[in-house]
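In what follows, a structure is listed as structure tokens, so that the remarks can point back to it.
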Amino acid sequence: MTDSWAAFGADLHIEPVGSGLRSGLTTALRDAVRSGRLTPGTRLPSSRTLAADLGMARNTVADAYAGLVAEGWLTARQGSGTRVAERVPAARGSSAAAPAPPVRRRPAHTLMAGSPDVSAFPRAEWLKAARRALTAAPNEAFGYGDPQGRVELRTVLAEYLARARGVYAAPGRVVVCAGFVHGLSLLGQALRRRGVREVAVESYGLHIHRDLLTGAGLRTPGLPVDALGARTELLAGMRGVGAVLMTPAHQFPTGVPLHADRRAAAVDWARSRAGLVLEDDYDGEFRYDRQSVGALQGLDPERVVYLGTASKSLAPGLRLAWMVLPQDLVDEVLAVKGGAEWMPPTPDQLTLAEFIASGAYDRHVRSMRLRYRRRRDALVAALAERAPDVRVSGIAAGLHAVLELPADTERSVVQAAAWQGLALEGLSRFRHPEAEPGREGLVIGYGSPAESAWAGALDALCRVLP
């Protein structure tokens, strides 16, 4: 007999109980189902496979299966195999069933900022790129890999970022991360090791970014934001600050690009203090009314860290992001990252490299830019018709807009939206804890609804506006 039995089917770890083979196997299977180790719907190995694994006669296993089917523990259907029954008799002596956990109602519509339309993910093109990338991949690509990221992806990213965003990037400066949050966490730890104690953050932004830096042992004083973006001229007076985190292309959430004078002021401050600007290129690829503002990093690659991600352009679930670092920071970040640090899977890195190199990424971004622009225009038109007193701003780029509200109405509008099954956030949610109370409004993410749900979400929004 050959050992071809090893390829018969699925594995099942089971230990017969007692001396009788059939009764011992029946008891062991029944106990596994009763305890929940084998959950309803689980497909069991064929009788031939399990018999070979346990060293039993096939008829013994078949008889045990048949007995449990008769008792209602298992089901057997032609072409579907033997499975654990969906409804199993309660164990003896069990009390009344535990109450079901409360069911959270999902909102009918969501206009939360920060998410793209994931229904538009280019599945067919991504699959083609994956096939080409995996076919060409060397065997060593499936080992533990380089903590800096696959060289194929770093090379393609360097070329793309230089062309599309004006970033000075060489493959040796690029570090691939498992999302923007991962990259910022690494930077926070590297800065702390450098002796930095404070990283300024914009007075409006995501609390998770502040929390990451705080968790690394850094203070995060707020840098005020106005109609021209972050007030970078104030950095000179913030004596303890060694770095600043900014969204210069499209400030999140206010939506304003950083003024040219303030871009220069940020770089001048970094040069004079040997500091660093951490550039979150949020929504940098989605500008609608004219060519995108180039990345701040191009002004001084040794003083600006560029952070980009595929979360907005493709999908957050890919967990693919990248940093372009000053040369003297690369080894420090990799030291924090370590050889065993978690990384995006190699097949995904290779696929993204092929997706970009083939031109599919550019085509997808252009397609989504048109889609989001149409949504922005529909939002502006609907507000002009149904809520003419509501001013909309921050619409030149990105996937969200800010709707100005009358004083003392933001909270009530957000609550009214929740009651009607519409998920959205108020502007105050993004305000720095130390910042002075400012204007009230809504941050409307028009990127997240699927195309089929956009009209309904827009209608729901107009119904709750004052």
Side-chain angles (χ1 to χ4, degrees), residues 101-123 179-181 204-209 247 250-255 280 282-283 285-286 288 309-319 364 367-383 386-387 390 392-395 397-405 409-431 440-466:
V103 178
R104 292 185 177 181
R105 294 182 60 187
R106 296 184 62 182
H109 300 288
T110 178
L111 291 173
M112 304 289 280
S115 295
D117 180 359
V118 294
S119 70
F121 183 79
R123 303 184 191 207
F180 175 87
V181 165
Y204 282 86
L206 290 171
H207 69 85
I208 188 174
H209 297 167
T247 50
H250 187 234
Q251 203 283 326
F252 183 85
T254 65
D280 176 3
Y282 186 84
D283 291 342
E285 292 162 312
F286 294 112
Y288 307 120
T309 174
S311 294
K312 306 300 181 295
S313 56
L314 285 169
L318 291 177
R319 308 312 304 149
H364 177 71
S367 172
M368 297 309 297
R369 192 181 292 144
L370 290 174
R371 174 177 295 198
Y372 295 141
R373 179 173 181 170
R374 286 195 296 267
R375 291 190 184 182
R376 181 204 67 171
D377 294 346
L379 171 64
V380 173
L383 293 174
R386 299 176 61 180
V390 175
V392 59
S393 62
I395 59 174
L399 307 182
H400 73 275
V402 176
L403 275 55
E404 304 282 350
L405 294 177
T409 61
E410 179 184 304
R411 185 175 180 181
S412 62
V413 171
V414 172
Q415 289 178 341
W419 292 334
Q420 295 202 26
L422 174 63
L424 48 74
E425 293 173 297
L427 184 60
S428 61
R429 178 177 175 83
F430 302 96
R431 189 182 301 132
E440 296 199 3
L442 302 175
V443 181
I444 301 301
Y446 52 80
S448 54
E451 194 76 354
S452 59
W454 168 237
L458 184 54
D459 181 65
L461 170 65
C462 290
R463 287 200 305 269
V464 301
L465 291 175

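Worth knowing before you read on, the calculation uses all heavy atoms, side chains too, and leaves out hydrogens, waters and symmetry mates. Just so you know, residue 1 is the first one in the sequence shown, and it goes up from there. Given the structure is predicted, the values throughout are model-derived calculations rather than measurements.
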Exercise for the section: Can you sort out the partners of Asp459 under side chain to side chain donor-acceptor pair (under 3.5 Å), two or more places apart, ordered by chain and number? Expected result: Arg386, Arg463
Problem - Contacts of Arg431 that satisfy side chain to side chain donor-acceptor pair (under 3.5 Å) - sequence neighbours left out - result: Tyr204
Enumerate, atom names and distances included, each donor-acceptor pair closer than 3.5 Å involving a side-chain atom of residues 108-120, sequence neighbours excluded.
unit_1, atom_1, unit_2, atom_2, d
Thr110, OG1, Met112, N, 3.3
Asp117, OD1, Ser119, N, 3.0
Asp117, OD1, Ser119, OG, 2.5
Asp117, OD2, Ser119, OG, 3.4
Asp117, OD2, Arg371, NH1, 2.9
Asp117, OD2, Arg375, NH2, 2.9

Problem - Over all atoms of both residues, closest heavy-atom pair of Ser393 and Glu404 - result: OG-OE2, 3.9 Å
Handout entry: Flag side-chain contact, heavy atom, 4.5 Å: Leu405 against Leu427
Key = no
Practice task
Grab the two heavy atoms, one from Pro253 and one from Phe430, that are nearest each other, plus how far apart they are.
Solution key: CG-CB, 3.7 Å
Exercise for the section: Identify the residue among Arg373, His250, Arg369 that makes a side-chain contact (heavy atoms from CB on, under 4.5 Å) with Phe286. Expected result: Arg369
Exercise for the section: If the plane angle is over 60° it's perpendicular, under 30° parallel, otherwise tilted; pick one for Tyr288 and Tyr446. Expected result: tilted
Practice task
Could you grab the distance from atom CG of Asp280 to atom OG1 of Thr309, nearest 0.5 Å is fine?
Solution key: 9.0 Å
Exercise for the section: Please identify each residue that fulfils side-chain contact (heavy atoms from CB on, under 4.5 Å) with Arg319, with sequence neighbours left out. Expected result: Ser311
Practice task
Would you indicate whether the side-chain heavy atoms of Val443 and Leu424 approach each other to under 4.5 Å?
Solution key: no
Completion exercise
For Leu465 and Ala387, the nearest pair of non-hydrogen atoms, with its separation, is CD1-CB, 3.9 Å
Handout entry: Shortest non-hydrogen contact between Val464 and Ala417, atoms and distance
Key = CG1-CA, 3.9 Å
Practice task
Using the test side-chain contact (heavy atoms from CB on, under 4.5 Å), find all partners of Arg429 that sit at least two apart in sequence or belong to another chain.
Solution key: His207, Glu425
Problem - Pairwise distance CG(Leu379) to CG(Leu403) - rounded to 0.5 angstrom - result: 6.0 Å
Problem - Approximate separation, where rounding is to 0.5 Å, of Ser313 OG and Met368 CE - result: 10.0 Å
Exercise for the section: Any chance you could measure Gln415, atom CD, to Glu410, atom CD, to the nearest 0.5 Å? Expected result: 11.0 Å
Problem - Nearest heavy atoms of Val392 and Leu383, plus distance in Å - result: CB-CD1, 4.0 Å
Practice task
Drop me the distance from Thr409's OG1 to Glu440's CD, to the nearest 0.5 angstrom.
Solution key: 5.5 Å
Handout entry: Pairwise distance CH2(Trp454) to CZ(Arg374) - rounded to 0.5 angstrom
Key = 12.5 Å
Practice task
Could you tell me which residues satisfy side chain to side chain donor-acceptor pair (under 3.5 Å) with His209, sequence neighbours excluded, listed by chain and number?
Solution key: none
Problem - Side-chain donor/acceptor of His400 to backbone N/O of Ile444, under 3.5 Å - result: no
